[in-house]
Amino acid sequence: MSEAAAAIAPGPGERLTMAFFDRSVHEVAPALIGCELRVGEAAGVIVETEAYDAGDPACHAYVGRTARNEVLFGPPGRAYVYLSYGIHSLLNAVAEPDGSAAAVLIRALEPSDGIELMRARRGRAELGELCSGPGKLTEALGIGLELNGADLTEPPFELSAPVGEWTRTEVVSGTRIGITKAVELPWRYCAAGNRHVSRPWPAQGRAAA
DNA sequence: GCCAGGATCGTCT
DNA sequence: GACGATCCTGGCG
């Protein structure tokens, strides 16, 4: 394949680059499923994401450019981190070219490394309680507001393409969670049958095709 | 096991 | 002055 195509779709275990994010958020969101996100010693495989684009009433960028959502309008591959309900930091990956506001919310990970560190940070022992939610995984990985605007392709982040079984993971889509606007849009993606998603799939029984 | 309610604060009206 | 891309706890069955 061409060099450009290789950058968009890196081989198993290879680091993701800015080119990976420099396309439609609706391509990036499902493509992130199975990728490993690492911050220092803690790491997990992405098993649930949601897409938000500029024409979407539920997207922070929908109201136009403000001090808070500035990062969304910037170059792809950056982290957009913001505070939700005054308590939780939520992590998004900015997608689409510079000037176009879109991002992928990382909703859940399956812990893969640094489990004990995550348990200590979370104050919980159960594996399924470490990263099964957008606010949980940022706490487990130690991601805070200070990382807003940071480059996801550079330290402290390390984002790599799926390996092993994850390269064959089936991605299913459904409606998004926890929002009050545009709830009907089917822009939530997750690894079929995964036990670490933030909430059971609405139609778990017929998710597999 | 399920559900209702509270915590907590930056951002925008 | 109200609200939100959430999480946890306690109460009840």
Side-chain angles (χ1 to χ4, degrees), chain A residues 21 24-26 28-33 37 42 44 46-74 76 78-96 100-111 118-150 152 171-191 194-202 204-205:
Chain A
F21 299 96
S24 167
V25 69
H26 301 296
V28 176
L32 277 173
I33 301 295
L37 174 64
I46 299 172
V47 295
E48 185 178 354
T49 61
E50 280 179 4
Y52 290 84
D53 71 32
D56 169 10
C59 182
H60 286 176
Y62 186 72
V63 297
R65 200 165 187 149
T66 67
R68 175 171 70 148
N69 63 32
E70 182 75 30
V71 174
L72 286 174
F73 290 82
R78 300 288 188 81
Y80 169 53
V81 185
Y82 76 96
L83 193 64
S84 176
Y85 290 89
I87 304 172
H88 308 286
S89 298
L90 268 53
L91 173 67
N92 297 252
V94 177
E96 307 195 358
S100 173
V104 179
L105 170 67
I106 310 297
R107 285 197 59 88
L109 308 178
E110 178 171 319
M118 293 196 243
R119 282 185 170 135
R121 283 172 171 160
R122 293 273 300 122
R124 296 185 148 246
E126 313 92 312
L127 206 55
E129 285 299 326
L130 298 181
C131 298
S132 57
K136 299 179 187 178
L137 70 93
T138 54
E139 185 177 24
L141 294 187
I143 296 171
L145 297 180
E146 71 280 2
L147 288 176
N148 184 36
L152 285 168
V171 178
V172 293
S173 71
T175 52
R176 295 175 295 183
I177 296 173
I179 54 175
T180 57
K181 302 168 188 168
V183 294
E184 75 287 357
L185 297 175
W187 292 347
R188 177 188 179 210
Y189 302 91
C190 81
N194 192 276
R195 299 186 304 277
H196 295 263
V197 293
S198 63
R199 271 172 46 183
W201 204 248
Q204 199 95 47

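Just so it is clear, the model here is predicted, and its values are computed rather than measured. Chain naming here is simple, since letters A, B, ... match the order of the sequence lines and numbering starts at 1 in each.
Classified by interplanar angle (parallel below 30°, tilted 30° to 60°, perpendicular above 60°), the ring pair A:Trp187/A:His26 is tilted.
Atom OG1 of A:Thr66 and atom CZ of A:Phe73 lie 7.5 Å apart (nearest 0.5 Å). In this structure, the separation between CG on A:Leu109 and CG on A:Leu91 is 8.5 Å, given to the nearest 0.5 Å.
Counting only Watson-Crick and G-U wobble pairs whose two distances sit under 3.5 Å, DNA chain C takes part in these stems of three or more pairs: B:1-7 with C:6-12, B:9-12 with C:1-4.
Smallest separation of non-hydrogen atoms from A:Asn92 and A:Tyr82: ND2-CE2, 3.9 Å.
In this structure A:Arg195 satisfies the salt bridge (charged side-chain N to carboxylate O under 4.0 Å, His left out) test with no other residue, sequence neighbours excluded. A search for salt bridge (charged side-chain N to carboxylate O under 4.0 Å, His left out) contacts involving A:Arg119 returns A:Glu116, not counting sequence neighbours. Remark: A:Asn148 pairs with no residue by the side chain to side chain donor-acceptor pair (under 3.5 Å) rule, at least two apart or across chains.
Classification of A:Glu139 and A:Arg122 as a salt-bridged pair holds, one side-chain N sitting under 4.0 Å from a carboxylate O.
Contact annotation for A:Arg107: backbone-only contact, meaning every heavy-atom pair under 4.0 Å involves sugar-phosphate atoms and none involves a base.
A:Glu146 places none of its side-chain heavy atoms less than 4.5 Å from the side chain of A:Val81.
Along DNA chain C, the nucleotide nearest to A:Arg124 and the one nearest to A:Glu50 differ in position, and the one closer to the 5' end is contacted by A:Glu50.
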For nucleotides 4-11 of chain B, which of its nitrogen or oxygen atoms have a protein nitrogen or oxygen under 3.5 Å away, and what is each distance?
| unit_1 | atom_1 | unit_2 | atom_2 | d |
| --- | --- | --- | --- | --- |
| B:dT8 | O2 | A:Tyr85 | O | 2.4 |

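The outermost nucleotides of DNA chain C lying under 4.0 Å from heavy atoms of chain A, listed 5' to 3', are C:dG4 to C:dT9.
Each of A:Val47, A:Ile177, A:Leu137 was compared with A:Ser198 under the side-chain contact (heavy atoms from CB on, under 4.5 Å) criterion, and only A:Ile177 meets it.
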